[in-house]
Amino acid sequence: MDGTFDLIVSGGTVMLPGGSAVTDVGVRGGKVAAIGALRSGAAEVLDASGLHVLPGVIDTQVHFREPGLEHKEDLATGSMAAVLGGVTAVFEMPNTKPPTCTPEALADKLVRAEGRMWCDHAFFIGASPGNAGDLGAWERLPGCAGIKVFMGSSTGSLLVESDNDLARVLASGFRRVAVHCEDEARLRERHRLVDGGADPASHPEWRDAETALAATRRLLRLAQAARRRVHVLHVTTAEEMDLLREHRDLATVEVTPQHLTLAAPECYRRLGTRAQMNPPIRDERHRRALWQALADGVVDCLGSDHAPHTLEEKSRPYPATPSGMPGVQTLLPVMLDHVAAGRLTLERLVDLTSAGPARLYAIAGKGRIAAGHDADFTLVDLKAERDITRDWLASRCGWSPFEGMRVRGWPVATVVRGAVVMRDGALIGSPGGRPIRFQEGL
Ligand code: DOR
């Protein structure tokens, strides 16, 4: 009955699993209760006419820096940026200070998130040689997104370098393991290329394509031996995509909006160390290969790798600068602009940002607009043309590599489990994000 809904999202073009339809969505108790023409009479009506209603965007790779690095970001500011950008759920990375390497550290993040995060959330536990044997038990803890491995060192101290230790990590547990693939030995050996100072454009030479490929090759070999599913984060090279195409039974694949959008050497000339991230932004040949892999269906999801550092930190001389750039708030606008330019369809974008994450991580009750699922929606205006400007950004780091970019397509409302938390660029209500749930036994 119409009157019993808490919220009706009315008259939008709703991206349903089987295609789009101009219709209404009724919400009760934070879940989708009905899809179809609904008479008004709900406690709240969100008029979506002229807009597209997407299943809530899930960003499966963000660094929100709390605890220990709150001068860059914290769980409140990072999640504000998320919902302002149309993101309804995030998976947060373990390279905080201290790193999230124990059940206690995970519990601490969950407590900190309560009443302060605007979007739903899960936290990765970081693998280390010391905790490898315990990971199988810990990966099942409520609020845990799974296990994250750094094969090459990046921001923070987390590292699993040797084949032996990586095999021990992969042998412990059964959920899909998310991996940063850069080969530590090769990184160390090539550091002489930038030792003592270099142009930031050297970043993809130091951390070259072979550094990434060597790690991905090792990971696939060890994952096959362990019969363990893996997820290769932020893939950046044509050669890794060729390899990953042949391992669809074992590995899923993430790309980032920045690797799809920026290219060397131009990005380093224009942005300097603000374009510095790990693995690096590479040249046009690699960027084209990422788009081809996306078109071919090899790419399973997008992650922003939101990795905020202050402008002061970024203005040190390279390579003393930290790697990483913010991105949780710009993920959707930048990708909608690619949709407007015809580089991918809106359906494919929804697959990459909602259905894909839900499928590969076995998220319970999210990832599509369907009866019984969480009422997470991202309302977008595909015709809106807007500039990405600094005053719109909520991240504490206060900048974006995409500042000044004019995009077509914009998030205009964010709904998390039935609560409208963003409308026309303003936050609404209070932070009510909850831990993401995962399917049992997967
Ligand atoms: O560029 C990066 N920054 N890559 C990573 O793997 C970590 C991240 C960070 O946390 O700053």
Side-chain angles (χ1 to χ4, degrees), residues 59-75 77-78 81 90-101 109 123-128 145 147-161 177-184 187 194 200 202-204 206-208 211-212 215-216 219 231-237 240 254-259 261-262 264 267-268 271-282 303-314 316 318-328 330-331 395-397 399-401:
D59 185 345
T60 44
Q61 191 184 176
V62 303
H63 303 264
F64 282 174
R65 308 300 193 201
E66 183 179 342
L69 299 162
E70 289 93 341
H71 66 286
K72 301 173 195 269
E73 192 77 285
D74 67 26
L75 295 173
T77 55
V90 296
F91 285 21
E92 207 269 342
M93 285 294 165
N95 56 336
T96 42
K97 224 170 156 181
T100 321
C101 280
K109 278 195 175 172
F123 298 102
F124 281 101
I125 289 185
S128 72
I147 303 305
K148 161 78 184 276
V149 172
F150 283 91
M151 289 178 71
S153 42
S154 192
T155 301
S157 56
L158 285 170
L159 185 63
V160 180
E161 189 183 337
V177 181
V179 186
H180 177 126
C181 288
E182 288 187 288
D183 187 79
E184 182 67 13
L187 282 179
V194 296
S202 324
H203 200 58
W206 165 33
R207 307 180 86 108
D208 69 349
T211 301
T216 298
L219 173 69
H231 180 52
V232 186
L233 298 162
H234 40 41
V235 176
T236 57
T237 69
E240 285 171 285
E254 176 196 78
V255 292
T256 75
Q258 52 272 43
H259 290 109
T261 308
L262 306 174
C267 68
Y268 297 101
L271 297 167
T273 56
R274 279 178 290 156
Q276 175 195 337
M277 69 171 293
N278 303 331
I281 308 287
R282 305 191 191 280
S304 72
D305 193 9
H306 177 81
H309 300 286
T310 66
L311 283 172
E312 189 273 316
E313 291 163 337
K314 280 295 210 180
R316 292 173 196 155
Y318 179 83
T321 27
S323 293
M325 55 180 89
V328 69
T330 50
L331 178 147
S395 170
R396 182 163 291 146
C397 76
W399 63 278
S400 161

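Ligands are counted one by one from 1 in listed order, and the atoms in each one are counted from 1 as well.
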Which segment of Met277 sits under 4.0 Å of ligand 1 when only heavy atoms are counted: both

Check: Lys314 side chain, Gly324 main-chain N or O, donor-acceptor pair, under 3.5 Å: yes

Any Glu313 side-chain heavy atom under 4.5 Å of His71 side chain: yes

Non-hydrogen side-chain atoms of Gln276 and Pro200 separated by less than 4.5 Å: no

Per-residue contact class, His306 against ligand 1 - non-hydrogen pairs under 4.0 Å: neither

N or O pair under 3.5 Å between Gln276 and ligand 1: no

Numbered atoms and elements of ligand 1 in range of Thr155, under 4.0 angstrom, heavy atoms: 3 (N), 8 (C), 9 (C), 10 (O), 11 (O)

Met325, portion touching ligand 1 at heavy-atom distance under 4.0 Å: neither

Expected output: side-chain Trp399 to main-chain His309 donor-acceptor under 3.5 Å: yes

N or O pair under 3.5 Å between Ala307 and ligand 1: no

Ser304 versus Asp59, side-chain donor and acceptor atoms under 3.5 Å: yes

Any donor-acceptor N or O pair under 3.5 Å, side chains Glu182, Thr211: no

Atom 4 (N) of ligand 1 - nearest protein heavy atom and its distance: Asn278 O, 2.9 Å

Protein contact of atom 5 (C) of ligand 1 - nearest heavy atom, named by residue and atom, plus distance: Ser154 OG, 2.9 Å

Approximate separation, where rounding is to 0.5 Å, of His203 NE2 and Ile281 CD1: 9.0 Å

Ligand 1 atoms in contact with His309 (distance to a heavy atom under 4.0 Å): 11 (O)

Exam field: side chain Gln61 to backbone Met93, donor-acceptor pair closer than 3.5 Å: no

Mode of Ser323 contact toward ligand 1 - side chain, backbone, both, neither (heavy atoms, under 4.0 Å): both

Atoms in ligand 1 flagged as close to Phe150, the criterion being non-hydrogen separation under 4.0 Å: 6 (O)

